[in-house]
Amino acid sequence: MTTGVSAAGTLIVGANQAGVQLAVALREAGDSAPLTLIGAEPHHPYQRPPLSKAFLQGKLGLDALAFRPPAFFADNDITIVSAERVESIDLDDDGHAGSGTATTESGRAVSFDRLALTVGARTRRLTLPGADLDRVTYLRTADDARRVREHLSGSEAVVVIGGGFIGLEAAAVARAHGKAVTVVEAADRLIARSVSPLVSEFYRTAHLRRGVDIRLGAGVTALHGTDGRVRAVELTDGTRIPADLVVVGVGIVPRTELAEQLGLDCAGGIVVDQYARTSNPAIVAAGDCTVMPNPLTGEGRVRLESVQNAVSQAKVAAATLLGRPEPYTAVPWFWSDQYELKLQIAGLSAGYDRQVVRGDPTSEAFSVLYYRDDSLLAVDAVNAGADYMAVRKALTQGATIPADNAGNTTVALRNLIAPKSVRV
Amino acid sequence: MPKVVFLTTDGSQRVVDAQVGESVMSVAVQNGIPGIIAECGGNCSCATCHVYVSDESLHAVGVPDDMEEDLLDMGVSDRRDGSRLACQIRVTEELDELTVQIPTVQP
């Protein structure tokens with residue numbers, strides 16, 4: 001246990017993608033103030049996306065997932081504190097200066113004059129009978145992924161609860177290892193929060209084709225086990241699916257406790273503006289823990305759980321802390337690997353009123369472009385990197401790809417990029 | 001152990017050891033080579049690990065696949081003959097002394 005106060009210019013709470021990027025961005029901008037990153041996990045900061053992909057497959061070890069080697073942080077005078085969770089934060093005086101002191105669970109106190117919250121999110125947990133049985137696993141941290149990987153080898157039947165990206169990526173890995181795999185999803189389609197019904201249906205058939213059993217509109221009522229170890233998953237209709245490993249991927253919950261303690265506005269995440277400022281403008285936040293205006297329209301509030309958002313928002317937050325604010329205008333992008341299917345998404349399709357399918361989904365290489373009021377919103381591209389890049393480029397330039405011709409596969413999308421028509 | 005030579009934006013040269021099978025992007029990141037961002041962690045999705053492969057090494061690294069080709073075509077700021085995404089180049093014994101130049105900007 002460490003006590004006593006150590007001085008820190010900038011304190012970043014959360015040693016994850018957003019936190020590390022924020023630290024790197026401050027240093028790249030020439031900021032030389034002391035910098036401390038505090039992370040709750042007992043590992044050197046690492047990338048999460050491969051945990052449900054290459055790491056789970058056993059292709060990569062944790063060392064290969066490090067954002068930067070330990071020497072990088074030492075060379076850049078960035079102090080990393082691992083395995084410590086910040087429990088409370090006290091701001092000085094009226095809080096307007098953004099300075100104060102953070103205290104960890106072990107009693108370590110770190111004073112700061114600039115504060116960034118990159119606190120991330122926790123997995124949503126099942127609260128069902130049997131949820132605490134052995135071999136009921138989640139998949140967010142390296143320790144989670146190690147558990148799944150270890151149990152996978154000795155399992156025959158795997159049940160995945162939750163048909164989102166994490167669940168489907170885990171299902172794909174388990175199936176590739178020859179396991180009997182069932183995906184149980186409460187909604188009436190897969191990945192409902194992120195893709196259109198057409199793409200949901202594509203993934204359903206793609207998994208079915210590879211021998212995965214998919215149960216949609218299926219609630220789970222209980223997990224059953226013997227000797228403390230899970231043996232079956234019971235659905236609302238009474239069906240019992242045998243399982244010797246259960247992987248739960250039912251979403252994440254932003255860690256807003258510290259923000260609430262500080263009196264910051266929270267609404268399903270820490271509310272930030274386009275400069276990554278919380279409701280106390282001296283404090284910034286970035287990554288999975290935040291909700292922000294749609295970066296492409298400036299409207300509404302979105303929570304983007306992605307590497308791209310963590311990186312883009314952390315850069316914005318660093319600029320704000322340095323007093324050189326630049327608004328968040330990055331085009332959101334995302335990817336998911338399942339089997340040999342690479343999904344790449346650019347833009348945000350929510351609210352679309354027209355979709356154009358390009359190519360034939362049964363060929364497993366196609367894309368779907370989304371429009372609202374004839375304005376290009378987004379693309380979901382499956383094994384269609386050129387379409388993904390063309391839409392990303394168009395959105396970045398504030399241009400469009402006219403919907404009427406977008407489905408014509410004899411013309412490359414890049415050749416259709418056009419300025420937005422000026423309405424008179 | 002093969003070596004990779006990075007010519008960085010400040011004109012200096014960094015020679016580092018690499019494991020066979022590792023990507024050149026990973027070699028750069030693990031050795032703290034500035035100018036390789038690699039946002040997507042080697043997934044051929046972000047084009048922020050763009051490098052210029054030297055003429056001498058060009059024949060040995062082969063050609064980009066379709067996905068990489070598309071990213072290079074639309075995703076990088078100044079594409080040249082030797083342009084590659086470092087995440088898509090695997091280190092081999094034959095690639096010893098592979099020399100790559102870091103561009104001044106990543107997208």
Side-chain angles (χ1 to χ4, degrees), chain A residues 17 21 24-25 27-28 46-51 53-55 59-60 63-76 306-312 315 330 333-337 342-346 365 381 383-394 396-397 412-414 417, chain B residues 4 6 8-10 12 14 16-50 64-79 83 85-88 90-91 102 104-107:
Chain A
Q17 184 99 40
Q21 180 64 52
V24 169
R27 285 294 180 254
E28 281 177 352
Y46 62 90
Q47 308 166 55
R48 293 196 199 284
L51 294 179
K53 308 177 182 82
F55 181 86
K59 288 183 185 169
L60 290 178
D63 286 351
L65 305 192
F67 291 112
R68 311 271 175 157
F72 171 87
F73 296 103
D75 291 349
N76 284 278
S306 70
V307 166
Q308 172 277 322
N309 180 56
V311 170
S312 300
K315 289 178 184 169
W333 57 267
F334 184 83
W335 80 93
S336 173
D337 293 333
K342 181 184 286 295
L343 170 68
Q344 293 168 302
I345 299 176
N383 291 346
D387 293 357
Y388 157 73
M389 277 311 295
V391 171
R392 194 173 148 189
K393 188 173 185 182
T396 303
Q397 294 174 343
L413 282 187
R414 52 178 302 189
I417 298 175
Chain B
V4 179
F6 292 96
T8 59
T9 50
D10 63 4
S12 64
R14 292 269 309 273
V16 299
D17 289 330
Q19 307 279 347
V20 169
E22 205 179 358
S23 77
V24 172
M25 178 279 289
S26 170
V27 176
V29 169
Q30 295 310 320
N31 285 282
I33 305 290
I36 296 284
I37 299 170
E39 280 182 11
C40 77
N43 202 65
C44 206
S45 285
C46 71
T48 60
C49 64
H50 179 208
D65 67 11
D66 289 351
M67 179 82 79
E68 183 185 349
E69 182 62 38
D70 294 331
L71 262 82
L72 287 169
D73 228 21
M74 288 177 273
V76 308
S77 330
D78 180 16
R79 183 173 186 182
S83 283
L85 297 182
C87 71
Q88 301 301 305
R90 298 275 150 200
V91 174
I102 312 293
T104 45
V105 286
Q106 296 285 359

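These numbers were taken from a predicted model, which means no experiment stands behind them. For the numbers below, each heavy atom of this structure counts, side chains included, while hydrogens, waters and symmetry mates do not.
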When you look at CG of A:Asp75, are more than 12 heavy atoms from neighbouring residues, nucleotides or ligands closer to it than 6.0 Å?
->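 Correct, the count exceeds 12.
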Please indicate whether B:Asp17 has more than 12 foreign heavy atoms, meaning atoms of other residues, nucleotides or ligands, lying under 6.0 Å from its CG.
->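 More than 12 heavy atoms, drawn from other residues, nucleotides or ligands, come within 6.0 Å of this atom.
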Heavy-atom proximity to chain A below 4.5 Å, by part of B:Met74 =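 Both backbone and side chain.
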Segment of B:Ser45 engaging chain A (4.5 angstrom heavy-atom cut-off) =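 Answer is both: backbone and side chain atoms of B:Ser45 are under 4.5 Å from chain A.
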Residue [X] versus chain B: region with a heavy atom under 4.5 Å:
X: A:Asn76; result: neither
X: A:Ala390; result: both
X: A:Glu28; result: neither
X: A:Phe334; result: neither

Counting heavy-atom pairs under 4.5 Å with chain B, which one of [options] comes out on top?
options: A:Pro49, A:Gly385, A:Pro69; result: A:Pro69
options: A:Gln47, A:Arg68, A:Lys342; result: A:Lys342
options: A:Met389, A:Lys393, A:Gln17, A:Gln344; result: A:Met389

Which side-chain hydrogen bond (donor to acceptor under 3.5 Å, both in side chains) pairs, counting each pair once, include a residue from residues 31-42 of chain B, with sequence neighbours left out?
->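 Only A:Lys315-B:Glu39 qualify under side-chain hydrogen bond (donor to acceptor under 3.5 Å, both in side chains).
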Over all atoms of both residues, closest heavy-atom pair of [X] and [Y]:
X: B:Leu85; Y: B:Glu68; value: N-OE2, 2.9 Å
X: B:Thr48; Y: B:Ala38; value: OG1-N, 3.0 Å
X: B:Ile102; Y: B:Phe6; value: CD1-CD2, 3.9 Å

Name the member of B:Asp66, B:Asp70, B:Asp73, B:Asn43 that forms the most heavy-atom pairs with chain A at distances under 4.5 Å.
->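 Sorted descending by pairs with chain A, the first entry is B:Asn43.
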Could you list the residues that satisfy side-chain hydrogen bond (donor to acceptor under 3.5 Å, both in side chains) with A:Lys53, not counting sequence neighbours?
->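 Result, side-chain hydrogen bond (donor to acceptor under 3.5 Å, both in side chains) vs A:Lys53: A:Glu169.
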